[in-house]
Amino acid sequence: MRMLQIHSDGFGYELKRKAIKSAEKVESKTYSTDDSCLVNFIAAESSDEKNITKASSLTAQMIASAAEDVKEKNIVVYPWVHLTEAPAKPSVALKMLKSVAKILEEQGYNVVRVPFGWYKAFSIHCKGHPLAERSKVLDVETTEITEEEVTEGEDLTAIKAEEEAHSKFYIMEPDGSVTPVEKFDFTGFEELRLYVKYETAKDRTASEPPVHIEYMKQLELVDYEPGSDAGNFRWPPRGLTLKRAVEERVIKEMLEYGAHIVQTPLIYDYQHPSLKSYLQRFPSRQYVVRSGDRDYFARFSACFGQFLMISQAQVSYRQLPLKIFEIAPSFRREQSGELAGMRRPRAFTMPDIHEIVADVEMAKQSILKQLEFIMKLHAELEIQYEVSFRILRSFFEEHRDFINAVVARVGKPVMIEVFDERYAYFLFKGEWNVVDAQKKAACLGTCQIDVENSQRFNITYIGEDGKEHYPLILHTSPSGSIERILYGVLEQAHKDMKRGKKPTLPLWMTPVQLRLVPVDDSLIDYCVELGKELDKYGIRYEIDDRSLTVGKKIRSAEKLWIPYICVIGEREKKSGKVSVRRRAEGDQVEMKIDDVAEEIASKTSFAPKQQLMLPKMITKQAIFSREV
RNA sequence: GCCUCGGUGGCUAAGUGGUCAAGGCGUCUGCCUCGUAAGCAGAAGAUCGCGGGUUCAAAUCCCGCCCGGGGCUCCA
């Protein structure tokens, strides 16, 4: 906000014509007074948009203080955009000026607010005393520091630092060579080209909706819930089956990695000292939960719950690296315009592991180990992904061998962002991204070296010397949120379809792996018998017991992308085999039911057995959003 | 949050001021007992997102709100 203040003998204006479409409606086009008044020409700036309330109240404060100095009760608030080169949007400016006027009125001043959005003539007569002409500049953020009560350790400079930090983008190849992105030959790396373009040029135009949204409804996986807040989804049984299958898969991997599995609360106290400080890092995007006369926020990640838990645990150097894992919902109240299906919801399920390490050396070793499960899980998603690393320049230069080893393990060219000043809690961050049909990118897995939060949350371990030490913390999501995974696999299915392949979901997570299709009603009982064999292998199947033609039943199963469709008639009952349509192979073969089960089981042996979470008989299943 | 486009039975979708709001899918009933992507016939199902306004008359025009898509911004 910028402001020119004139203490004047009298003031008048006349509206000439509208300067902008959204000019305020007015009753009278002229105003004039001979009374003494303090005229404030005010320009709202784009920086004020970050916190209009604060900007308004500080501006009002400045005016009141100036009015106090010259003992003036009459105030004129005059919108004058020409004071700044970075004006706020008109709507914001108007909101702010209205708010300033209101605050001053409440304090007992006589306020005249000059209409917004008009070309005006005005007359003024400056009193000419030493305090009669003054100008003020308000920076919402820096002023906030001096005006607000700030507890020790709070770091308000971070957000600003992030804006000002400047960084360079490179492509790093598995052999360790580094090329600035603008000089790299992307031939053969089309998705990496798109990803880099998205990250650096910030080209974000899309005309079509994200393709996964259509599929998520048709396949009856997940759907909007108009009765909830935007970005909070409902999961019908097919989708829930998939979600659980993925969750259980990640949990299994984390247990094998040696993690402690925990669960922590969903809501947290705004007033808790560590959390208060942590929240200063981030814009206010929290869901607020009112309980009694106190406010809590719904967690936006699993970090604090785990940090608070570890900070009160007994940890010895003998247990390092110590691994804590949790998978549970998190909530971020993103701006409504940012929401986009499963790419960006407001409620999501995030697998989150925190690894406590003694020092940078141990951190590097652990990262190399984490890379193994991150790479493995992403491979199991059967999606194309692009990897990037964001690294503090000093760390990049001092640990070049480590960076080389990391990129070599990824095994293909990656994007590297090297930044000069640390703008967040990490000095090293890896991201595994998908690029979708809209040419937009979103991050799945991530791993970060956090050098800040052990102090903030007072997390310590007892070293060999018997003394307390602050560790480093590795923040890692082995797979990204379940919602993002679904987004990734559906977008991948779309890419496959464009290349002429039938779209599929990975066999281990697809809700129904096999459907038994009897050619007529008399064979339903036999299908139930066959189902018992499938149960022995933990195969997820259902039986199409509807009275439909075989063609119709096949079509129905194909529309749901069911990977194995088994047709059963008298012939099969006699031969003891079933006729199998295999989606991935695109063929039709005669097999014994045990062999089909064996095949599915062996292709999915790495995943825990997951039950299908609805009745097996299709006539007993409600229709939520599938077509047939 | 701002800008912009949209919302019509469970799904899809025609209708842009004037009779009982078209069709398709699905659902239900009956027939057919069926061999690898849509068998036949009939029936039920809609306060046209919600609220207000303009008009003799509103799904249709205007205002506000809710939900969704896209853009800006943002992405801990």
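Values reported hereafter were calculated over all heavy atoms of this structure, with side chains retained and with hydrogens, waters and symmetry mates removed. What you see is a predicted model, and the numbers here were worked out from it, not measured in a lab. Letters go in sequence order (proteins before strands), and every chain restarts at 1.
Using cut-offs of 30° and 60° on the angle between ring planes, the pair A/Phe233 and A/Tyr224 is tilted. Using cut-offs of 30° and 60° on the angle between ring planes, the pair A/Tyr487 and A/His212 is perpendicular.
Counting any heavy atom pair closer than 4.0 Å across all strands shown, A/Ile213 reaches sugar-phosphate atoms only and no base atom. Across all strands shown, A/Glu570 has heavy atoms under 4.0 Å from base atoms, whether or not it also approaches the sugar-phosphate. Residue-level contact check: A/Gly227 touches neither bases nor backbone, having no heavy atom under 4.0 Å from any strand. A/Ser625 comes within contact range of no nucleotide atom at all, as no heavy-atom separation falls under 4.0 Å. Residue-level contact check: A/Arg626 touches neither bases nor backbone, having no heavy atom under 4.0 Å from any strand. Using a 4.0 Å heavy-atom criterion, one finds that A/Gly551 contacts the sugar-phosphate atoms exclusively. Residue contacts shown for A/Val519 include a base, since a base heavy atom lies under 4.0 Å away. A/Ser336 comes within contact range of at least one nucleobase, with a heavy-atom separation under 4.0 Å.
A sub-4.0 Å separation between OP1 or OP2 of B/rU36 and a side-chain N or O of A/Ser579 is absent. For A/Tyr224, a side-chain nitrogen or oxygen approaches OP1 or OP2 of B/rG69 to under 4.0 Å. Taking 4.0 angstrom as the limit, A/Lys552 places none of its side-chain polar atoms (N or O) nearer than this to OP1 or OP2 of B/rC34. Taking side-chain N and O atoms only, A/Lys440 has no distance below 4.0 Å to OP1 or OP2 of B/rG69.
Nucleotides B/rG64 and B/rC3 have their P atoms positioned 10 Å apart, rounded to a whole Å. Rounded to the nearest Å, the gap between the P atom of B/rU73 and that of B/rG18 is 43 Å. When the C1' atom is used for both B/rA59 and B/rG9, the distance is 14 Å, rounded to whole Å. Distance noted for atom C1' between B/rU54 and B/rC63: 11 Å (whole Å). B/rC25 and B/rA38: their C1' atoms are spaced 10 Å apart (whole Å). Taking atom P in both B/rG49 and B/rA58, one finds a spacing of 15 Å when rounded to whole Å. A gap of 30 Å separates the C1' atoms of B/rG10 and B/rG17, to the nearest Å. Distance check on atom P: B/rA37 versus B/rG70 gives 35 Å, rounded to whole Å.
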Output one letter per nucleotide in nucleotides 40-48 of chain B: B when a protein non-hydrogen atom lies under 4.0 Å from the base, S when only the sugar-phosphate is that close, - when neither is.
---------
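The listed nucleotides are B/rG70, B/rU36, B/rG68; the one nearest the side chain of A/Ala230 is B/rG68. For A/Gln335, counting side-chain heavy atoms from C-beta on, the closest listed nucleotide (B/rU36, B/rC67, B/rC74) is B/rC74. Comparing B/rU73, B/rA76, B/rA37 by their nearest atom to the side chain of A/Arg285 picks out B/rA76. Nearest to the side chain of A/Ile554, among B/rG35, B/rC34, B/rU36, sits B/rU36. Checking B/rC75, B/rU36, B/rU73 against every side-chain atom of A/Glu338, the shortest atom distance belongs to B/rU73. The side chain of A/Asp520 lies closest to B/rC34 when the candidates are B/rC34, B/rC74, B/rG69. Which of B/rG39, B/rG35, B/rC25 sits closest to the side chain of A/Thr549 comes down to B/rG39. Ranking B/rA76, B/rA38, B/rG35 by closeness to the A/Arg555 side chain, first place goes to B/rA38. Side-chain proximity of A/Arg333 to the nucleotides B/rG1, B/rG70, B/rA76 is greatest for B/rG1. Comparing B/rA37, B/rG70, B/rC75 against the side chain of A/Gln438 picks out B/rG70 as the nearest.
Here B/rA37 presents its P atom at 15 Å from CZ of A/Arg515, a figure rounded to the nearest Å. A straight line from CZ of A/Arg343 to C1' of B/rG70 spans 10 Å, rounded to a whole angstrom. Computed from coordinates, the A/Asp436 CG to B/rG70 C1' distance equals 13 Å when rounded to whole Å. Between A/Leu221 atom CG and B/rC11 atom C1' the separation is 16 Å, expressed in whole Å. If you take CD1 of A/Ile623 and P of B/rC28, they are 7 Å apart, rounded to a whole angstrom. Atom NZ in A/Lys429 sits about 5 Å away from atom P in B/rA76, given to the nearest Å. Atom pair A/Glu334:CD and B/rC72:P shows a separation of 16 Å (rounding to whole Å applied). The CZ atom of A/Arg234 sits 12 Å away from the C1' atom of B/rC67 (whole-angstrom rounding).
Of the inter-residue distances, the one linking A/Leu392 atom CG with A/Ile449 atom CD1 reads 10.5 Å to the nearest 0.5 angstrom. Distance CD1/A/Ile593 to CD/A/Glu529: 12.0 Å, rounded to 0.5 Å. Put simply, CG on A/Leu507 and CD on A/Gln513 are 5.0 Å apart, with the number rounded to the nearest 0.5 Å.
Taking the centre of each ring, A/Phe307 and A/His354 come in below the 6.0 Å mark. Outside the 6.0 Å centre-distance limit, the rings of A/Tyr268 and A/Tyr296 are not counted as a close aromatic pair. Checked against a 6.0 Å centroid threshold, the rings of A/Tyr270 and A/Phe297 count as neighbours. Separation of the A/His272 and A/Phe304 ring centroids does not fall under the 6.0 Å cut-off.
Using a 4.0 Å cut-off between charged nitrogen and carboxylate oxygen, A/Glu199 and A/Arg390 count as a salt-bridge pair.
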Show your working on side chain to side chain donor-acceptor pair (under 3.5 Å) between A/Tyr287 and A/Asn232 and close with a plain yes or no.
CA-CA 12 Å; A/Tyr287 274 101; A/Asn232 286 255; 3.0 Å; yes
Could you check A/Ser625 against A/Glu220 for side chain to side chain donor-acceptor pair (under 3.5 Å), going step by step and ending with a plain yes or no?
CA-CA 5 Å; A/Ser625 62; A/Glu220 210 171 74; 4.5 Å; no
I'd like to know whether A/Glu572 forms a salt bridge (Lys or Arg N to Asp or Glu O under 4.0 Å) with A/Lys574, so could you lay out the CA-CA distance, the side-chain angles of the two residues, the decisive distance to 0.1 Å, and finally the verdict.
CA-CA 5 Å; A/Glu572 286 74 17; A/Lys574 285 204 181 77; over 6 Å; no
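Base pairing in RNA chain B gives the following stems of 3 or more Watson-Crick or G-U pairs, range against range and under 3.5 Å: B:1-7 with B:66-72, B:10-12 with B:23-25, B:27-31 with B:39-43, B:49-53 with B:61-65.
Residue A/Glu627 is the one, among A/Glu627 and A/Gln448, whose nearest nucleotide of RNA chain B lies closer to the 5' end (criterion: closest heavy atom). Two residues, A/Ser301 and A/Arg581, neighbour RNA chain B, and the one matched to the more 5' nucleotide by heavy-atom proximity is A/Arg581.
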